[in-house]
Amino acid sequence: MVAKIVLPEGASTKREAVLQTAIRIFAEQGYHNTDVQSIADSAGVGNGTVYRHFGKKEALFLAAVDSAMQRLDEHFYAAISGITNPFELLRAGAVAYAEFFEANPQLVELMIQERCEFRGDVPDTHLMYREKNREVFEQLLVANIAQGIVRPVDVKSTVIGVANLMYGTVVMGCIAGEQGRLKESLLNMVEVVIRGLQPPANHV
């Protein structure tokens with residue numbers, strides 16, 4: 001089930017209502033064209049509530065991006081939980097990544113805006129999440145190389161390269177309005193990667 005960036009049914013916290021509204025409005029209108037009052041009005045809260053929870057607009061925007069990335073993280077890890085075969089994990093991860101962005105293309109808009117508006121001032125949120133997750137996948141790749149399941153490769157550059165391929169496919173797909181084809185595109189990309197990783201005698 002896709003973890004859509006919407007307020008869960010029955011959720012009552014004003015902070016969550018503001019966050020989910022901010023994700024939508026920032027994505028639709030852009031950072032500079034969005035004012036805090038419009039977010040407060042759409043969330044059904046007072047202007048003071050927004051400032052009490054987040055302070056200025058910059059902090060609200062960054063919290064919105066982080067909230068969206070956290071939901072992506074949760075969805076991705078739930079999809080690959082319990083999978084030990086590295087090739088099946090890649091396939092399941094690609095499907096999960098595609099599903100999330102097919103349902104939530106607005107996250108791409110937020111990531112682009114963050115880079116444009118705050119480059120050099122704050123770390124890119126998606127890069128922080130990628131760095132947090134990189135060690136997990138590097139350890140998994142090392143273990144599979146040791147078992148002969150994956151051929152020897154440069155572990156760090158391989159993990160970063162696959163992440164870049166997935167990110168680039170998603171970003172360009174959403175920008176082109178082709179988010180409905182993300183699953184097909186990512187799975188095709190993963191199959192190419194797998195053919196390059198497998199020992200010749202062990203195609204799966």
So, taking the atom named [atom1] in [X] and the one named [atom2] in [Y], what distance separates them when rounded to the nearest 0.5 Å?
| X | Y | atom1 | atom2 | answer |
| --- | --- | --- | --- | --- |
| Leu140 | Ile83 | CG | CD1 | 11.0 Å |
| Asn104 | Ile23 | CG | CD1 | 8.5 Å |
| Asn133 | Phe76 | CG | CZ | 7.5 Å |
| Thr84 | Leu89 | OG1 | CG | 8.5 Å |
| Glu109 | Gln29 | CD | CD | 12.5 Å |
| Gln37 | Ile39 | CD | CD1 | 10.0 Å |

For [Y], does its backbone N or O pair with a side-chain atom of [X] as donor and acceptor, under 3.5 Å?
| X | Y | result |
| --- | --- | --- |
| Asp73 | Met69 | no |
| Thr158 | Asp154 | yes |
| Ser38 | Asp35 | yes |

Whether Lys57 engages the ring of Tyr31 as a cation-pi pair (distance to the six-membered ring centre under 6.0 angstrom, angle to the ring normal within 45°) should be assessed.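 Checked: cation-pi criterion met.
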Determine whether Glu138 and Arg130 satisfy the following criterion, salt bridge (Lys or Arg N to Asp or Glu O under 4.0 Å), listing intermediate values before the conclusion. CA-CA 12 Å; Glu138 286 183 3; Arg130 187 173 74 166; over 6 Å; no
I'd like to know if Glu88 and Arg91 make a salt bridge, using a cut-off of under 4.0 Å between side-chain N and carboxylate O.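 Judged by the 4.0 Å cut-off on N to carboxylate O distance, Glu88 and Arg91 do form a salt bridge.
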Any ion pair linking Arg71 and Glu16 (charged N to carboxylate O, less than 4.0 Å)? yes
Quick check: is [Y] connected to [X] through a chain of hydrophobic side chains (ILVMFWY, heavy atoms under 4.5 Å apart)?
| X | Y | answer |
| --- | --- | --- |
| Leu127 | Val159 | no |
| Val150 | Val142 | yes |
| Met111 | Met128 | no |
| Leu90 | Val136 | yes |
| Ile160 | Leu72 | no |

Under the side chain to side chain donor-acceptor pair (under 3.5 Å) rule, what do His126 and Glu114 come out as? Steps first, then yes or no, please. CA-CA 10 Å; His126 79 278; Glu114 181 183 40; 4.9 Å; no
Give the intermediate values and the outcome of side chain to side chain contact (heavy atoms under 4.5 Å, CB included) for residues Phe54 and Arg15. CA-CA 9 Å; Phe54 301 100; Arg15 186 178 189 280; 3.5 Å; yes
Verify the ring-centre separation between Tyr167 and Tyr97: is it less than 6.0 angstrom?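 Centroid separation for Tyr97 and Tyr167: 6.0 Å or greater.
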Do [X] and [Y] come close enough that some side-chain heavy atom pair is under 4.5 Å?
| X | Y | answer |
| --- | --- | --- |
| Ile112 | Arg115 | no |
| Glu99 | His75 | yes |
| Glu58 | Leu62 | yes |

Minimal non-hydrogen separation, [X] against [Y], with atom names:
| X | Y | answer |
| --- | --- | --- |
| Tyr51 | Lys56 | CE2-CA, 4.1 Å |
| Gln179 | Glu102 | O-CG, 2.7 Å |
| Arg24 | Ser42 | NH2-CB, 3.7 Å |
| Ala40 | Val50 | CB-CG2, 3.7 Å |
| Ile149 | Pro86 | CG2-CG, 3.7 Å |

Report the C-alpha distance between Val170 and Leu186 in whole Å, list the side-chain angles of each, state the deciding distance to 0.1 Å, and finish with yes or no for side chain to side chain contact (heavy atoms under 4.5 Å, CB included). CA-CA 8 Å; Val170 160; Leu186 281 173; 4.1 Å; yes
Given Gln106 and Cys174, is the side chain to side chain contact (heavy atoms under 4.5 Å, CB included) satisfied, shown in steps? CA-CA 9 Å; Gln106 65 267 43; Cys174 289; over 6 Å; no
Transitive ILVMFWY cluster of Val95 at side-chain heavy atoms under 4.5 Å: who else is in it?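 Its cluster mates, by chain and number, are Leu187.
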Sole residue of Leu107, Leu110, Leu19 in side-chain contact (heavy atoms from CB on, under 4.5 Å) with Ser67: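 So the option named by the test is Leu19.
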Residues in ring pair (Phe, Tyr, Trp, His ring centres under 6.0 Å) with His53, at least two apart?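 Per chain and number, His53 pairs via ring pair (Phe, Tyr, Trp, His ring centres under 6.0 Å) with no residue.
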Is the number of heavy atoms from other residues, nucleotides or ligands within 6.0 Å of [atom1] ([X]) greater than 12?
| X | atom1 | result |
| --- | --- | --- |
| Glu135 | CD | no |
| Lys156 | NZ | no |
| Arg181 | CZ | no |

Are Val155 and Phe137 close enough, and set up right, to give a side chain to side chain contact (heavy atoms under 4.5 Å, CB included), and what steps lead you there? CA-CA 9 Å; Val155 171; Phe137 293 101; over 6 Å; no
